[in-house]
Amino acid sequence: MTATVRTRFAPSPTGYLHIGGARTALFNYLLARRSGGKFALRIEDTDQTRNIAGAEQKLLDDLRWLGLHWDEGPGVGGPAGEYHQSRRLASYQRVARELLDSGKAYYATETREELEAMRRAAQKEQGGFLYRRPTHFPSESEAQKARDEGRPVVVRLKMPPRDVVVSDQILGEVRIAASELYDFVLLKADGWPTYHFAVVVDDEAMGVTHVLRGQEHLMNTPNHIALQEALGYRTPVYAHLPIIMNMDGSKMSKREKDRAVRAAAAARLAAGGGERAALAAAASADPGSFEAWLTGDAQLDGDALRRLARELHVQLPEIEIHDFRLSGYLPETLLNFIALLGWSPGDGRERMSLEEMTAAFSVERIGKTNARFDRAKLLNFNTQAIAAAPKERLLAALRDYLGVSERSPLAGVPDDTLRRLLEINDGLRLFRQLEEKCAALFAPDEALSYDDDAVQKTLIKGERAGLHVLAELQPVLAAVGDWRAAALETAIKGFGESRGLGLGKVAQPIRVAVCGNTVSPPIFDTLELIGRERVLRRIGETLRRLAADAPRAAPPASQGSSS
RNA sequence: GCCCCCAUCGUCUAGAGGCCUAGGACACCGGCUUUUCAAGCCGGCGACCGGGGUUCGAAUCCCCGUGGGGGUACCA
């Protein structure tokens with residue numbers, strides 16, 4: 001009989017979806033799809049102290065955004081009924097009872113302090129601590145008595161005294177010596193199951209046949225295998241994925257975002273440029289915890305961190321899937337890139353759709369070595385994907401981006417204009433880039449800010465040549481009857497030729513005058529989209545403002561800056 | 001400390017004993033193109049961690065060393 005392949009992704013709701021988690025989800029998804037099986041999503045929310053409100057929703061959103069739809073799990077149900085471990089408590093307790101009754105598990109009543117003391121003592125002597133099985137197992141009533149006395153009571157599994165061999169699809173056979181194994185906890189003192197326990201019980205209940213998970217779980221596997229044996233469960237096929245690291249070899253961690261913002265905050269405060277209270281407010285933290293965050297290693301809530309980053313004008317490093325969404329990456333491209341971190345189809349292909357990856361996927365082709373997350377390559381993937389994407393797909397993706405981009409200058413822009421923007425921005429790398437580049441086309445005149453360097457370079461420098469060009473061009477533009485890119489091009493190019501000026505000499509002064517900086521879409525389209533009236537007004541205003549500055553702006557450069 | 005895993009260009013990787021003078025992609029460098037930012041085109045630089053084996057032959061197999069990573073919880 002050929003059992004249906006069932007895989008699962010089982011995150012705990014502690015925040016946004018991580019890059020590593022996304023890849024694990026992807027591989028599980030691909031394996032299930034590839035083999036015509038089922039892909040389930042299970043929420044591992046058994047740690048009462050770690051669950052974060054709203055995190056599950058974020059997790060699901062990220063997964064959906066990526067297009068990794070699950071066949072069973074939250075929102076869609078499935079044969080296992082509940083897919084939140086917090087709602088499956090009864091089954092863990094039932095199984096624990098079974099284990100206790102058959103003598104395969106026992107109560108243990110050491111306190112955390114006692115355990116910690118043993119650990120320290122062992123550390124000193126031999127360097128490693130393994131929980132030593134007690135000589136006496138508390139009876140049911142003794143356990144109850146301990147509980148009554150306020151002592152913690154946990155349930156531990158009796159590990160069989162033999163080596164465990166993990167048959168891993170990627171790593172081969174990994175043998176863990178019996179001497180490395182110990183009686184791990186099944187049920188915590190609060191009655192909730194540990195990860196090890198819940199994962200085994202649920203994988204069995206959900207019929208999971210293949211477990212693809214990060215390599216950080218490799219050393220957990222003997223526990224799971226021992227438990228499966230004790231319970232008479234079959235052992236699923238295991239495949240431990242290599243880990244995704246930062247370019248510098250460090251682990252990709254949310255903490256990086258805190259570090260980036262913390263540094264900026266400290267710099268701001270040191271420069272006397274900001275009130276502590278204001279920053280704390282931006283982070284929606286009370287002064288005490290803000291201070292603790294600022295001076296320590298604590299982590300701020302993702303959204304609070306984002307607000308603070310905005311306040312400080314720092315770019316958060318992209319760590320979680322949501323960060324990439326906010327930067328304006330295409331989800332299908334992110335998925336494609338992530339898939340190649342540890343897997344390759346073997347035929348030299350790199351750019352693949354989810355369907356193509358599904359068709360090509362196999363666990364055998366997953367590598368063993370940790371991969372570094374190279375953002376430069378990702379950016380290139382995205383650039384090429386944007387160039388190759390069908391127009392309507394691109395528009396939908398841009399709409400999605402604008403939906404999550406706070407206070408976007410392009411927020412109210414109609415689809416037709418968005419299409420136009422996409423057309424005139426070839427070479428585009430990220431949606432955020434388009435947003436920044438086109439902001440001036442939609443911003444009200446008062447909101448325009450002029451970049452000093454740009455003004456100096458294109459308008460002032462060289463005896464205000466740029467300014468002169470602008471002044472002469474003004475009436476030419478004013479005379480353009482048909483305010484569209486083509487006619488503007490004719491007029492402006494004609495002007496340039498009549499003066500013997502290359503387009504660059506003409507376009508850049510205009511660009512800076514109407515956009516405030518040297519970067520915008522092609523100048524003729526830019527002018528058309530800004531509109532005749534606003535263009536003329538911005539040019540006039542620029543001329544006026546800089547003329548007033550003239551005495552100061554053009555002193556004979558007697559004291560050279562050379563030193 | 002102890003246990004486990006890993007090791008090909010800067011990065012992601014192809015390579016399953018002769019097809020390898022090691023292939024591709026990104027990055028980088030040079031040139032071209034150019035109204036800005038990009039994009040594009042052409043060319044270039046660039047790796048089998050070290051040492052021992054095994055074999056007629058090793059990037060591929062074995063051992064040791066070194067380096068990197070993971071684990072060492074009543075977190076997952």
Side-chain angles (χ1 to χ4, degrees), chain A residues 10-12 14 44-47 49-50 108 110-112 115-116 119 122-131 152-156 166 168 170-172 174-177 179-180 182 184-190 192-196 198-199 213-220 222 240 242-243 245 247 249 251 337 340-351 367-381 383-384 386-387 425-429 433 436-437 454 458 489 492-493 496 502-508 510-512 515 517-524 526:
Chain A
S12 37
T14 55
E44 310 224 321
D45 51 357
T46 55
D47 186 342
T49 64
R50 290 216 326 167
E110 291 87 354
T111 64
R112 280 175 190 281
L115 253 12
E116 192 45 47
R119 202 166 283 133
Q123 193 72 251
K124 242 192 222 161
E125 283 167 34
Q126 346 119 16
F129 167 72
L130 292 177
Y131 179 83
V153 176
V154 301
V155 175
R156 287 182 185 265
V166 178
D168 188 278
I170 295 169
L171 301 172
V174 179
R175 174 174 227 100
I176 287 88
S179 58
E180 296 298 319
Y182 70 101
F184 64 97
V185 172
L186 261 20
L187 284 184
K188 307 182 223 176
D190 63 6
W192 288 73
T194 57
Y195 162 72
H196 305 295
V199 94
R213 57 171 30 161
Q215 228 170 72
E216 66 269 20
H217 285 295
L218 182 60
M219 300 309 279
N220 291 333
H240 289 92
I243 290 168
M245 321 283 294
M247 275 305 274
K251 201 174 181 184
F337 182 74
L340 265 16
L341 262 25
W343 173 79
S344 81
D347 55 11
R349 266 184 308 163
E350 284 202 321
R351 314 309 157 101
K368 304 175 178 181
T369 57
N370 290 171
R372 296 184 186 212
F373 193 89
D374 185 352
R375 286 180 177 72
K377 183 160 182 172
L378 205 215
L379 228 207
N380 173 273
F381 263 50
T383 306
Q384 295 204 7
I386 285 181
N425 275 288
D426 63 17
L428 183 68
R429 318 203 78 184
Q433 197 184 53
E436 286 166 358
K437 197 164 146 188
T458 65
E489 178 167 359
I492 292 170
K493 280 189 172 163
L503 229 197
K505 294 287 183 202
V506 182
Q508 283 308 78
I510 306 177
R511 200 181 317 266
V512 172
C515 293
N517 60 59
T518 55
V519 179
S520 89
I523 193 64
F524 311 116
T526 297

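What you see is a predicted model; the values in this text were computed from it and never measured. Any value given below was found using the heavy atoms of this structure, including those in side chains, with hydrogens, waters and symmetry copies removed. Below, chains carry the letters A, B, ... as their sequence lines are ordered, and counting in each starts from 1.
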Check: What does G43(B) pair with, Watson-Crick or G-U, if both distances are under 3.5 Å?
Finding: C29(B)

Notebook entry, point to check: Is the shortest side-chain N/O distance from R119(A) to OP1 or OP2 of C74(B) below 4.0 Å?
Noted result: yes

Item checked: C1' gap between C48(B) and A7(B), integer Å -> 10 Å

Checklist line | Residue matched to C9(B) through Watson-Crick or wobble contacts both under 3.5 angstrom | finding: none

Item checked: Below 4.0 Å: OP1/OP2 of C6(B) and any side-chain N or O of K368(A) -> yes

Checklist line | Residue Y182(A), side-chain heavy atoms: nucleotide from C4(B), G10(B), A73(B) that is nearest | finding: A73(B)

Notebook entry, point to check: With distance as the sole criterion, is a donor-acceptor pair present between the side chains of S520(A) and R511(A) under 3.5 Å?
Noted result: yes

Next item on the list: Ignoring backbone atoms, establish whether R351(A) has a side-chain N or O less than 4.0 Å from OP1 or OP2 of A25(B).
Entry: no

Notebook entry, point to check: Hey, does N425(A) reach any base, or is it just sugar-phosphate, or nothing, if we go heavy atoms under 4.0 Å?
Noted result: nothing

Next item on the list: Under a 3.5 Å limit for both distances, which nucleotide forms a Watson-Crick or G-U wobble pair with A16(B), could you say?
Entry: none

Next item on the list: Take atom P in C26(B) and the same atom in A39(B), then report the distance between them in whole Å.
Entry: 11 Å

Notebook entry, point to check: Between A38(B) atom C1' and N517(A) atom CG, what is the distance in whole Å?
Noted result: 14 Å

Next item on the list: Give A189(A) one of three labels, base, sugar-phosphate or nothing, depending on what nucleic acid heavy atoms sit under 4.0 Å from its own.
Entry: base

Next item on the list: Rounded to the nearest angstrom, tell me the gap between atom CG in L218(A) and atom P in C3(B).
Entry: 15 Å

Notebook entry, point to check: Roughly how far apart, to the nearest Å, are G24(B) and C2(B) at atom C1'?
Noted result: 42 Å

Note to self: Students often get this wrong, so: under 4.0 angstrom with heavy atoms, is S12(A) touching a base, only sugar-phosphate, or nothing?
What the structure shows: sugar-phosphate

Notebook entry, point to check: Is there a side-chain polar atom (N or O) of T518(A) under 4.0 Å from OP1 or OP2 of C37(B)?
Noted result: no

Note to self: Can you tell me the base-pairing partner of U21(B)? Count Watson-Crick or G-U wobble geometry only, both distances below 3.5 Å, and say none if there is no partner.
What the structure shows: none

Check: Nearest of G69(B), U35(B), G10(B) to any side-chain atom of N370(A)?
Finding: G69(B)

Check: Got a salt bridge between K377(A) and E350(A), using NZ or NE/NH1/NH2 to carboxylate O under 4.0 Å?
Finding: yes

Notebook entry, point to check: Looking at A27(B), does its base get a donor-acceptor pair with the side chain of K377(A) below 3.5 Å?
Noted result: no

Check: Quick one: on RNA chain B, does V154(A) or R511(A) contact a more 5' nucleotide (nearest heavy atom)?
Finding: R511(A)

Notebook entry, point to check: Centres of the F337(A) and F373(A) rings: under 6.0 Å?
Noted result: yes

Check: Where the side chain of E350(A) is concerned, which of A76(B), G24(B), C74(B) is the nearest nucleotide?
Finding: G24(B)

Notebook entry, point to check: Looking for any heavy atom pair under 4.0 Å, which part of the strands does R372(A) touch: base, sugar-phosphate only, or nothing?
Noted result: sugar-phosphate

Check: Taking atom C1' in both G15(B) and G53(B), what distance in whole Å separates the two?
Finding: 23 Å

Checklist line | Pairwise C1' distance, A47(B) and C12(B) [rounded to whole Å] | finding: 13 Å

Next item on the list: In whole angstrom, give me the gap between the P atoms of G44(B) and C6(B).
Entry: 37 Å

Notebook entry, point to check: Counting side-chain heavy atoms from C-beta on, which of G70(B), C74(B), C37(B) comes nearest to V519(A)?
Noted result: C37(B)

Note to self: With a 4.5 Å cut-off on side-chain heavy atoms, are H240(A) and V174(A) touching?
What the structure shows: no

Checklist line | Length of the CZ-C1' vector between R213(A) and C4(B), whole Å | finding: 14 Å

Check: Between the base of C37(B) and the side chain of K437(A), is there any donor-acceptor pair under 3.5 Å?
Finding: yes

Checklist line | Watson-Crick/G-U partner (both atom distances under 3.5 Å) of C49(B) | finding: G65(B)

Check: Which value, in whole Å, describes the distance between the P atoms of nucleotides G43(B) and C61(B)?
Finding: 35 Å

Check: Which nucleotide, in any strand shown, forms a Watson-Crick or G-U wobble pair with A38(B), with both distances under 3.5 Å?
Finding: none

Check: Starting at the 5' end of RNA chain B, which residue's closest nucleotide do you reach first, I523(A) or N380(A)?
Finding: N380(A)

Next item on the list: Check the distance between A27(B)'s P and L378(A)'s CG and give it to me in whole angstrom.
Entry: 12 Å

Next item on the list: Using whole Å, report how far CD of Q433(A) lies from P of A38(B).
Entry: 8 Å

Item checked: Closest nucleotide among U35(B), A76(B), C5(B) to the H196(A) side chain -> A76(B)

Checklist line | C1' gap between A58(B) and U8(B), integer Å | finding: 14 Å

Check: Nearest to the side chain of L503(A), which nucleotide is it out of U35(B), C74(B), A27(B)?
Finding: U35(B)

Checklist line | Separation of atom CZ in F337(A) from atom P in C12(B), rounded to whole Å | finding: 9 Å

Check: Just to confirm, is there a sub-4.0 Å distance from OP1 or OP2 of A25(B) to any side-chain nitrogen or oxygen of Q384(A)?
Finding: no

Next item on the list: Just compare A76(B), C5(B), C74(B) and give me whichever is closest to any side-chain atom of E44(A).
Entry: A76(B)

Margin query: Heavy atoms from C-beta onward define the side chain here; which of C12(B), C75(B), C37(B) lies closest to that of K188(A)?
Written below: C75(B)

Note to self: Without decimals, in angstroms, what is the distance between L186(A) CG and C74(B) C1'?
What the structure shows: 11 Å

Item checked: Salt bridge flag under 4.0 Å for residues D347(A) and R349(A) -> yes

Note to self: Please pick, from C4(B), U36(B), A76(B), the nucleotide with the shortest atom-to-atom distance to any side-chain atom of M219(A).
What the structure shows: C4(B)

Checklist line | Whole-Å distance separating the CZ atom of F373(A) from the P atom of U13(B) | finding: 12 Å

Notebook entry, point to check: To the side chain of K251(A), which of G70(B), C75(B), U35(B) is closest?
Noted result: G70(B)

